[in-house]
There are 2 protein chains.
Amino acid sequence: MKLITWNVNGIRAVERKGELQKLVEAEQPDFLLLQEIKGTREQFSKFLTEHADYEQYYHSAEKKGYAGSGLWVRKSVSAKFKGAEFHTDVPHMPNADEGRVAWLSFRLGRQTWDLMSIYFPNGGKSEQAWREKLEFYDCIHAHMNLLRDAGHRVVVGGDMNVAHNEIDIARPKENDGKIGFHPDERAWMDRVVGDGWRDVWRALHPDAVEVYSYWDMVTRARDRNVGWRIDYFLTCEKTFKRIVDADYLDAQMGSDHCPLRMNLDV
Amino acid sequence: MKLITWNVNGIRAVERKGELQKLVEAEQPDFLLLQEIKGTREQFSKFLTEHADYEQYYHSAEKKGYAGSGLWVRKSVSAKFKGAEFHTDVPHMPNADEGRVAWLSFRLGRQTWDLMSIYFPNGGKSEQAWREKLEFYDCIHAHMNLLRDAGHRVVVGGDMNVAHNEIDIARPKENDGKIGFHPDERAWMDRVVGDGWRDVWRALHPDAVEVYSYWDMVTRARDRNVGWRIDYFLTCEKTFKRIVDADYLDAQMGSDHCPLRMNLDV
DNA sequence: CATACGATG
DNA sequence: CATCCTATG
């Protein structure tokens with residue numbers, strides 16, 4: 001089972017550039033988790049809404065052109081699901097109108113799976129936005145635990161807008177305390193990992209350096225690989241045991257983020 | 001003496017495309033009258049503000065990125081001026097904060113010249129805008145008369161946002177009564193011409209058809225030459241006697257308008 | 001369709 | 001630097 005998560009920075013933009021098509025054709029993922037779709041289904045082309053091979057779910061922000069998330073499932077895969085449900089609501093979530101969660105729940109055999117595509121807030125807009133980012137972290141963490149405690153297999157993929165450790169960021173000193181590398185955010189990652197959740201790619205590559213998923217466009221940081229690893233797959237232990245591999249697709253262009261892929265032996 | 005008037009639809013855009021440079025190098029006009037510059041001097045490049053061969057005057061709107069006019073004078077020409085003054089104010093003008101007039105007054109020999117670059121209002125935004133467009137017409141007409149009555153040689157060039165007669169528009173029937181071909185606007189042109197002002201190009205080419213200066217971008221009307229002749233040079237009789245020729249430069253790209261050129265034997 | 005703007009990242 | 005938005009023509 002192949003899963004990819006990608007912050008597309010405008011799904012219409014990556015489609016216009018042909019980059020989304022390239023990814024889908026080359027990888028043919030079973031699940032594609034999307035963040036920052038920046039639009040609504042009504043604004044999207046048939047490729048994004050009536051794909052022959054995928055069921056395409058979106059959760060758009062109320063505010064036009066802002067944030068939003070999505071989740072595609074290969075039809076040949078979803079055909080095997082029982083009782084599949086698409087959700088967008090997580091209890092006690094701030095920013096509930098910003099379309100940050102696209103969540104598919106389904107049964108496969110006797111197991112219930114929860115697959116969540118999440119675009120965590122940036123939090124740099126205002127003091128209020130920063131407080132809501134921290135709330136958002138706790139809200140998601142609590143919900144992940146709840147699903148796991150119910151015996152589900154849980155996968156959370158997306159742009160978490162935080163680099164966990166110094167190894168996950170090109171300029172740790174310069175960014176210490178800044179949005180995206182603030183102690184309070186890093187402490188959340190610590191708590192989540194300490195709580196038994198696995199940062200899949202890092203767990204498989206504990207010592208790998210200079211691997212990032214986001215680069216600042218203003219400074220053309222991608223040219224020099226001055227990046228941040230802020231896009232993750234997090235899974236419960238039981239799911240992690242099934243992981244085959246995970247890789248950042250850093251050759252994929254079209255966005256200021258690159259996709260993260262993982263394969264699962266289900 | 002070569003004069004060109006051009007509604008550039010954003011002077012930074014025509015510069016970025018290299019089209020303004022092409023026009024200036026190919027034509028080397030003595031005067032270049034500009035409309036819809038859409039910006040301020042502070043936003044402009046050295047090419048637009050510190051040209052080796054031109055003095056470059058601008059009148060920008062208060063509202064950012066909106067309207068505005070300009071006037072370039074070849075330095076070798078302005079060197080012969082006495083008492084040159086750049087003006088932006090015309091008495092009783094509505095829309096006085098929209099930068100619609102860039103006006104150079106100077107003496108050459110014993111004669112005083114007034115050369116005005118004017119971007120007339122479109123008037124289609126609201127009822128209020130329509131009323132102000134008609135006011136603007138009268139304000140300009142009165143001012144032209146005033147200068148002429150003072151014994152000046154007067155040239156007004158710009159986007160007048162009205163097609164005078166059926167011959168001046170590709171689809172007269174469909175646009176009858178619409179903004180830009182409304183009886184009240186056409187009547188203004190009638191009054192101005194009846195008052196001794198010359199529509200220079202039309203006076204030289206009374207029967208020429210299918211010659212236009214503006215084409216709708218939405219419908220890609222330029223491909224089919226479905227256009228409007230709304231950019232003019234108007235001169236007083238005494239100036240008209242000195243006109244050598246006039247032509248619309250319809251091969252000039254970069255804007256939704258093409259430039260109008262005229263040569264004057266001074 | 002195209003040039004501007006402003007918000008957001 | 002790049003995605004959206006809206007206003008304007």
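The model shown is predicted, which means the values in this text are computed figures rather than measured ones. In what follows, chains carry the letters A, B, and so on, assigned in the order in which the sequence lines appear, proteins first and then strands, with residues in each chain numbered from 1. Any value given below was found using the heavy atoms of this structure, including those in side chains, with hydrogens, waters and symmetry copies removed.
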### Query
Does a side chain donor of either B:Q252 or B:E19 reach within less than 3.5 Å of an acceptor in the other side chain?
yes

### Task
Decide whether A:Q128 and A:E132 meet the rule of one side-chain donor and one side-chain acceptor closer than 3.5 Å.
yes

Output a table of nitrogen or oxygen pairs between the protein and nucleotides 7-9 of chain C separated by less than 3.5 Å.
from  : atom 1 : to    : atom 2 : distance (Å)
C:dT8 : OP1    : A:K63 : NZ     : 2.9
C:dG9 : OP1    : A:Y66 : OH     : 2.6

### Message
Nearest to the side chain of B:K64, heavy atoms from C-beta on, is which of D:dC4, C:dC5, C:dA4?
### Response
C:dC5

### Message
I need the NZ-C1' distance between B:K133 and D:dT8, as an integer number of Å.
### Response
14 Å

### Query
Will you find, in the side chains of A:N9 and A:S255, an N or O donor that is under 3.5 Å from an N or O acceptor?
no

### Query
Does B:R12 place a side-chain N or O at less than 4.0 Å from the phosphate oxygens OP1/OP2 of C:dC5?
yes

#### Entry: Rounded distance in Å - CD (A:E15) to C1' (D:dC4)
15 Å

### Query
Roughly, in whole Å, what's the span from CD in B:Q128 to P in D:dT8?
13 Å

### Query
Separation of B:N7 atom CG from C:dT3 atom P, in whole Å?
13 Å

### Interatomic distance, B:R224 CZ vs C:dC1 P [rounded to whole Å]
12 Å

### Task
Say whether A:D256 and A:W215, considering side chains only, have a donor N or O and an acceptor N or O under 3.5 Å apart.
no

### Task
Give B:Q43 one of three labels, base, sugar-phosphate or nothing, depending on what nucleic acid heavy atoms sit under 4.0 Å from its own.
sugar-phosphate

### Query
Judged by modelled atom types alone, do B:H164 and B:D190 share a side-chain donor-acceptor pair under 3.5 Å?
yes

### Query
Separation of B:E62 atom CD from C:dA4 atom P, in whole Å?
19 Å

### Query
Is the closest side-chain donor-acceptor distance between A:Y212 and A:R222 under 3.5 Å?
no

#### Entry: Gap between atoms CH2 and P, on B:W130 and D:dG9 respectively (whole Å)
14 Å

### B:M253 CE - C:dC1 C1' separation (whole Å)
13 Å

#### Entry: B:V101 side chain reached by B:I140 side chain, heavy atoms, under 4.5 Å
yes

